[in-house]
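Since this is a predicted model, take the numbers as computed values, not measurements.
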Amino acid sequence: MCLTAEALALFLNLLAPQIIESSPGRYVVNATDREAHWVAVGDRWCSMAPQIDRMERFASLRAD
C-alpha cells in the first residue's frame, strides 16, 4: 500500500509521537501487534503490511 507524502504526514500526525521512529527514507510505527515500516519509493511512501499479513496467514495455515 502506498500513500502520498501528504497523506502519510496526516496519518502519522494522528498517532502518538512516541510510537514513531524515523530515519532518512523510513518511518517505523511501533503498533500493538508489530512494527509497520513506511519506506520512500519515489514520491510516495509505501508499506509492505498487506504482503506481510498474507505471509503470516499462510504460515499459520502450514503450522496447523
Side-chain angles (χ1 to χ4, degrees):
M1 169 172 48
C2 295
L3 301 173
T4 64
E6 294 82 9
L8 180 65
L10 177 64
F11 169 66
L12 293 176
N13 279 312
L14 296 172
L15 303 175
Q18 59 269 26
I19 69 167
I20 302 169
E21 299 174 26
S22 65
S23 60
R26 179 180 299 266
Y27 286 96
V28 178
V29 177
N30 296 300
T32 304
D33 291 339
R34 65 180 160 272
E35 296 176 340
H37 293 253
W38 290 89
V39 181
V41 179
D43 64 342
R44 302 181 70 79
W45 288 85
C46 300
S47 170
M48 294 291 292
Q51 293 88 341
I52 292 169
D53 289 344
R54 185 171 36 247
M55 287 186 297
E56 287 183 0
R57 283 195 302 272
F58 286 137
S60 71
L61 290 173
R62 285 192 299 264
D64 292 339

(message) If hydrophobic clusters are built from ILVMFWY residues whose side chains come within less than 4.5 Å, do Leu12 and Val28 share one?
(response) no

(request) Not counting sequence neighbours, which residues clear side-chain contact (heavy atoms from CB on, under 4.5 Å) with Ala31? List them please. (result) none

(message) Show me the pairs that pass disulfide bond (SG atoms under 2.5 Å apart) and involve residues 1-43, at least two apart or across chains.
(response) Cys2-Cys46

Please table the atom pairs, donor to acceptor, closer than 3.5 Å between any side-chain atom in residues 38-45 and protein atoms at least two apart or in another chain.
none

Show every donor-acceptor pair shorter than 3.5 Å between a side-chain atom in residues 15-25 and any protein atom, with sequence neighbours excluded, or say none if there are none.
{"unit_1": "Glu21", "atom_1": "OE2", "unit_2": "Asn30", "atom_2": "ND2", "d": "3.0"}

